[in-house]
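Report on the following structure.
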There are 2 protein chains.
Amino acid sequence: MFSISQSYPTFDIQSIVIYLCISVSTSIVMEIKGTLDLKKELSDISQCPASYVVAVNDTMNILSGKWKLPIIASLRFGKRRFKELGREIPKITPRMLSKELRDLEVNGLVRRTVYNTVPVTVEYELEESGKAFDKVLEVMIEWGLKHREFTLQREKPAEF
Amino acid sequence: MFSISQSYPTFDIQSIVIYLCISVSTSIVMEIKGTLDLKKELSDISQCPASYVVAVNDTMNILSGKWKLPIIASLRFGKRRFKELGREIPKITPRMLSKELRDLEVNGLVRRTVYNTVPVTVEYELEESGKAFDKVLEVMIEWGLKHREFTLQREKPAEF
DNA sequence: CAGAATCCGGAGCGATACTG
DNA sequence: CAGTATCGCTCCGGATTCTG
């Protein structure tokens, strides 16, 4: 629906990598997050390569944690209540479900709605960003399939 | 360069999610990996939705670990020796560098070449899959930027 | 129903020292 | 140079119990 080159003309995968080296060690990322004015950061977002680091870091935060993906996956089918999620996601405990849902909520991927019923009803659903996360999943699948295909070809050359 | 719909016509993000629920809990994935004949798996790869789970799991294995991304990032610039990587990636210890490099090697992302010099010289470089991983990074960046943009707009609506 | 509180074991990672 | 070996800690996540 929209191409990378259109939206972010200065996108250059080459330029990010050096920043990535220092990114995941969380020092610089935290610095940027903490001290920078958010509005200013937004205005620079398509120019500054450092923003790429933050972007990757953001994505990694979503990916981190054992249950984030299953939860997002489950919510893709539509609104879910706490217990429903617990049933749909095998082996997850209420503690983990609660924690991961809160993470996703503060990160703006999931919207939490409380209804004044007795007892209380709580519904979770994906925000725009949560739905857009499909794109990341798609590429992960695509790469994973390709990678497997490639690896199998290389590892069994003498079989034929 | 190639679109998902072309390469994997049966690709359906909807069908994967239910599988994803059980994927990251590693039970089914391990089952598939261990018991299935690899050749058979390869032939089914564009049909079986379970392969999506494995694919995502593969990608997650790459993403896991604090130093995998920095290492890949560093290797994108070309061949590197052990010590060079150690210098380019801040704060990484030889122990972790060694461990993560071996992980990447057995997963087929990095090729390790030993030269018969005195003392020994070892060079690391990205395999095809490693280079192709750019695509994943790109989308992560794209999503991260969009996500930030979207989140900032939502959180500061009354400012104007 | 929708969680919070507490306890606890293991994996992941760091620091340091050593080796072919 | 290119790693390995050992120790120790932190924190993620599981199990269980309790609450508004």
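- Within 4.0 Å (heavy atoms only), A/Tyr124 reaches sugar-phosphate atoms of the nucleic acid but no base atom.
- Residue order along DNA chain D, read from the 5' end via each residue's closest nucleotide, puts B/Phe82 first among A/Pro119 and B/Phe82.
- Considering only side-chain atoms of B/Thr93, the nucleotide from D/dT4, C/dA15, C/dA5 that sits closest is C/dA15.
- Listed by chain and residue number, B/Arg112, B/Val122 satisfy the side chain to side chain contact (heavy atoms under 4.5 Å, CB included) test with B/Val114 (two or more places apart in sequence, or in another chain).
- Taking only side-chain nitrogens and oxygens, A/Arg80 never comes nearer than 4.0 Å to OP1 or OP2 of C/dC1.
- Annotation: the span from A/Glu125 atom CD to A/Lys131 atom NZ amounts to 7.0 Å, rounded to 0.5 Å.
- Contact check, A/Lys83 against C/dC1: a side-chain N or O comes under 4.0 Å of OP1 or OP2.
- The side chain of A/Arg81 lies closest to C/dA2, out of D/dA2, C/dA2, C/dA4.
- Nearest-nucleotide assignment on DNA chain C puts the 5′-proximal partner with A/Glu123, out of B/Val120 and A/Glu123.
- Among C/dA5, C/dA15, D/dA2, the nucleotide with an atom closest to any side-chain atom of A/Arg95 is C/dA5.
- For A/Thr117, no side-chain nitrogen or oxygen approaches OP1 or OP2 of C/dC1 to under 4.0 Å.
- In this pair, B/Phe82 and B/Tyr124 present their aromatic rings tilted. The plane angle is within the 30 to 60° band.
- Between A/Lys91 atom NZ and D/dG13 atom P the separation is 17 Å, expressed in whole Å.
- Between A/Lys66 and the phosphate of D/dG14, there is a side-chain N or O to OP1/OP2 separation shorter than 4.0 Å.
- Here the side chain of B/Val122 is nearest to one of D/dA2, C/dA4, C/dC13, namely D/dA2.
- At a threshold of 4.0 Å, the pair A/Glu127-A/Arg111 counts as salt-bridged, since one of the basic side-chain nitrogens sits closer than that to a carboxylate oxygen.
- DNA chain D is contacted by both B/Arg102 and B/Arg87; B/Arg87 maps to the nucleotide lying nearer its 5′ end (nearest heavy atom per residue).
- No salt bridge links B/Arg80 with B/Glu123; every basic N to acidic carboxylate O contact stays at or beyond 4.0 Å.
- Residue B/Thr121 is classed as a sugar-phosphate contact, given heavy-atom separations below 4.0 Å to backbone atoms only.
- Following rounding to the nearest Å, A/Leu97 (CG) and C/dG3 (P) show an atom-to-atom distance of 8 Å.
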